[in-house]
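A short worksheet on the structure shown next.
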Protein chains: 2
Amino acid sequence: MDDERLGPVTLLDVAREAGVSLSTASRALNRGARQVRADLAARVLAAAETLNYSTNAQAQAVARGKSNTIGLIVSDISDPYFSAIAAGAIRTAEEHGLVVMMACTFRRPERELEYVSMLRGQRACGAILTGSRVTDTVLLDRLGAELDAFQRTGGRVAAISQNKLPVDTVLIENRAAARDLAEALCQVGHRQFAVLAGPPELMTARDRLAGFRQGLTRSQVPLPAAHVIHGEFTRDGGYAAAREVVRRRLDVTCIFAVNDVMAVGGMAALRDRGLEPPGGIAIAGFDDIPALRDVTPALTTVRLPLEELGVSAVDMVLQPPSDKPRLRRVQGDVVLRASTPPPGKRPAGKR
Amino acid sequence: MDDERLGPVTLLDVAREAGVSLSTASRALNRGARQVRADLAARVLAAAETLNYSTNAQAQAVARGKSNTIGLIVSDISDPYFSAIAAGAIRTAEEHGLVVMMACTFRRPERELEYVSMLRGQRACGAILTGSRVTDTVLLDRLGAELDAFQRTGGRVAAISQNKLPVDTVLIENRAAARDLAEALCQVGHRQFAVLAGPPELMTARDRLAGFRQGLTRSQVPLPAAHVIHGEFTRDGGYAAAREVVRRRLDVTCIFAVNDVMAVGGMAALRDRGLEPPGGIAIAGFDDIPALRDVTPALTTVRLPLEELGVSAVDMVLQPPSDKPRLRRVQGDVVLRASTPPPGKRPAGKR
DNA sequence: CTGTTAGCGCCTTCAC
DNA sequence: GTGAAGGCGCTAACAG
């Protein structure tokens with residue numbers, strides 16, 4: 001059944017096998033451009049079949065000057081936040097016949113630069129930046145320049161998170177949602193908070209902290225500077241920060257972790273001291289990671305449509321370029337669950 | 001600073017700018033092949049810099065007849081099992097200067113075929129299959145043929161899971177580990193089990209069930225056919241299956257879910273009925289998913305070095321081809337935790 | 001060590 | 001509707 005050719009079978013081989021010219025074979029395979037007589041087309045297809053021909057996408061891209069590859073840059077694919085976004089993006093990309101190249105920065109923002117540059121080398125038709133912007137403005141400028149170069153080769157760019165770059169953006173309303181969360185927690189009766197604030201240079205973390213603080217202010221609840229503990233944006237970072245809250249005997253009834261992964265780490269730290277909710281210190285997160293919905297007590301959080309974020313980003317990349325960067329706002333919804341019961345079971349500061 | 005050229009800048013542009021020939025420019029940029037006089041090389045590099053040149057990886061691959069792209073096929077990137085493997089694979093690939101193309105089958109095994117075919121079209125230098133094999137042998141044969149074609153174009157293949165394909169394989173010792181787990185649970189004192197067995201056609205699920213059964217047999221503990229509940233390999237599948245255990249009032253003290261994600265779903269179902277451990281029905285999983293290590297009670301499971309699986313697969317793909325497929329066995333370690341206390345707190349069947 | 005030349009596999013005007 | 005020819009950007013013999 002199989003042909004035992006040694007070298008790779010090329011389009012020319014198919015053409016010869018079908019007894020037609022190179023161009024006819026090409027046209028028959030990529031239906032759409034010019035019409036090919038039905039019987040010839042059939043012969044070409046048959047020839048391709050028997051020869052087990054596979055068109056060389058690279059060569060095709062070179063000749064066409066355009067590829068069907070889209071780049072997806074995430075901070076850490078093993079973080080459920082990013083893997084959910086990636087799932088949405090990959091599914092959508094595939095629906096549009098695109099293949100996705102994945103790159104992880106492993107939380108080193110400067111690697112975004114290298115990856116965008118690499119994607120330019122690949123002549124990717126699009127790039128999606130899923131990670132948070134950082135406060136480093138020189139990095140921001142260099143990234144902007146790199147993205148500019150990328151766009152000049154015909155690539156389209158979409159960012160998910162903050163709109164700090166002159167590219168299409170899916171803007172996550174971290175600030176507003178964190179504000180809502182703070183107000184909801186005050187509504188429940190909390191008045192003494194600590195925040196596991198993540199890395200100070202990460203804008204996503206900053207915005208969530210700022211929004212939370214704003215919500216507290218609106219509710220006339222103070223947040224002492226000493227109650228804001230910075231650390232890694234990971235489970236272990238949350239654990240360490242919460243341990244710090246306990247170690248310093250901060251007088252709080254509720255902890256806000258700026259993401260769910262940290263909240264789970266924080267809850268583990270509380271549990272190690274017998275201080276978990278209910279009865280201990282309440283704790284809330286942010287993101288509503290699906291895989292974390294079964295932790296106990298169930299985590300109060302802000303729900304984000306993670307997969308949709310990825311879908312939207314791909315959609316933006318697929319749209320024809322516009323002069324003005326597009327902006328799509330996505331809001332989060334507060335979800336109150338068992339991890340934040342009203343305070344008072346156990347007198348605050350009495351530990 | 002930037003040159004405002006309209007068309008993309010090509011290697012020829014760089015050569016002209018540096019006042020050298022095309023090949024000299026090429027050699028200067030890809031250091032290694034032939035030597036270039038230092039001053040000329042410097043001029044080329046400078047020219048590339050000022051022109052903001054980016055070598056076209058596609059054209060390079062076409063000319064070389066070899067790409068630096070590796071394909072990674074997963075069932076579902078939002079499943080933490082696969083995202084952990086992917087993290088290891090991506091990190092390792094990058095260390096070797098490879099770029100990763102990611103594809104999700106979304107648990108439809110037949111899509112593996114399409115993706116391998118697509119990777120052949122991309123002339124990827126390697127492909128990694130991370131998902132479980134299935135029992136469908138005609139699918140297996142077709143996949144084998146497709147992989148053969150891929151390898152004939154110079155691509156290397158590595159599979160993670162079962163060694164059912166004539167390619168390099170990272171074999172997970174699901175059977176042996178599940179057997180160990182069963183014996184450990186019997187050791188603890190359990191004698192009445194149910195299994196949330198996953199899809200019957202998935203070999204990973206089958207092997208874990210078979211191994212578990214074998215361990216029970218060794219301990220002279222029966223497993224009635226009615227105590228094996230099949231379902232989806234997901235959190236919701238675990239939830240549904242465990243609900244079935246409860247609904248049928250199966251007389252068991254311990255449930256084995258064939259993966260952690262299902263175990264967590266199962267635990268949620270038990271909790272909904274007030275039957276969670278301790279005190280209720282014990283439950284164990286498989287994989288030791290890092291993100292699930294903080295569930296309560298802590299999940300008894302089999303630890304798998306997930307990231308290493310991805311690392312090993314990439315390593316295999318990078319090795320020079322051998323006549324015989326390589327095999328690397330990876331074993332799992334039983335980790336007993338709080339979700340499987342000894343039975344007896346609550347008389348079995350007394351619910 | 002450098003430049004010239006012929007490809008790599010494919011697409012796409014252009015005449016017929 | 002079909003084929004011949006030129007070109008995409010780059011590499012790799014081959015001569016000098």
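So you know, we letter chains A, B, ... as the sequences are listed, proteins then strands, and number each from 1. Worth saying up front: this structure is predicted, and the values here are computed from it rather than measured.
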Picking from D/dG9, D/dA12, D/dG1, the nucleotide nearest the side-chain atoms of A/Arg37 would be D/dG1

Within residues 16-24 of chain B, the residues having a heavy atom closer than 4.0 Å to DNA chain C are B/Val20, B/Ser21, B/Ser23, B/Thr24

To the nearest angstrom, the CG-P distance between B/Leu12 and C/dT5 comes to 14 Å

query = Hey, does the side chain of B/Ser26 come within less than 4.0 Å of D/dC10's phosphate (OP1/OP2), counting only N and O?
reply = no

Looking at A/Ser161 and A/Gly131, would you say the former's side chain and the latter's main chain have a donor-acceptor pair under 3.5 Å? yes

Side-chain atoms of B/Val62 come closest, of D/dC10, C/dG9, C/dT2, to C/dG9

Q.
So, OP1 or OP2 of D/dT11: does either fall under 4.0 Å of a side-chain N or O from B/Gln60?
A. yes

Should B/Thr10 be listed as having a side-chain N or O under 4.0 Å from OP1 or OP2 of D/dC8? no

- Ignoring backbone atoms, test whether A/Asn56 places a side-chain nitrogen or oxygen under 4.0 Å from the OP1 or OP2 oxygen of C/dC8. no

B/Arg43 atom CZ is separated from C/dT2 atom P, nearest whole Å, by 10 Å

Regarding the side chain of A/Gln35, the nearest nucleotide among C/dC10, C/dC8, D/dG1 is D/dG1

Rounded to whole Å, CG of A/Asn30 lies from C1' of C/dG9 at a distance of 13 Å

Among D/dC10, D/dT2, C/dC10, the one nearest any side-chain atom of A/Val36 is D/dT2

**Message:** Using only atom types and a distance under 3.5 Å, with no angle test, would you say the side chain of A/Thr153 pairs donor to acceptor with the backbone of A/Arg120?
**Reply:** no

Rounded to whole Å, the CG-C1' distance (A/Leu29 to C/dT12) equals 15 Å

In this structure, CE of B/Met203 is separated from CD of B/Gln162 (nearest 0.5 Å) by 5.5 Å

Per atom distances to the A/Leu40 side chain, the nearest of D/dT2, C/dG7, C/dT2 is D/dT2

note: B/Leu51, atom CG; D/dG9, atom P; distance rounded to Å ~ 14 Å

Here the distance between atom P of D/dG7 and atom CG of A/Leu11, to the nearest Å, is 20 Å

Please check: side-chain N/O of A/Asn68 versus main-chain N/O of A/Gly97, any donor-acceptor pairing under 3.5 Å? yes

Quick check: any donor-acceptor pair below 3.5 Å linking the side-chain of A/Arg123 to the base of D/dG9? no

Review point. Under 4.0 Å between a side-chain N/O of A/Tyr53 and OP1 or OP2 of C/dG9, yes or no?
Key: no

Is the backbone of B/Leu318 close enough, under 3.5 Å, to the side chain of B/Arg156 for a donor and an acceptor to pair up by distance?
no

Under 3.5 Å, which donor-acceptor pairs link side chains of residues 19-26 of chain B to any protein atom two or more places apart or in another chain?
residue	atom	partner	partner atom	Å
B/Ser21	OG	B/Ser23	N	3.4
B/Ser21	OG	B/Ser23	OG	3.2
B/Ser21	OG	B/Thr24	N	3.3
B/Ser21	OG	B/Thr24	OG1	3.2

Of the listed D/dC10, D/dT11, C/dC10, the closest approach to the B/Arg64 side chain comes from D/dT11

Exercise for the section: Indicate yes or no: does B/Glu112 engage B/Arg133 in a salt bridge with an N to O separation below 4.0 Å. Expected result: yes

Separation of C/dG3 atom P from B/Arg27 atom CZ, nearest Å, is 8 Å

Shortest non-hydrogen pair, B/Pro320 vs B/Arg326, comes out as O-NH2, 2.8 Å

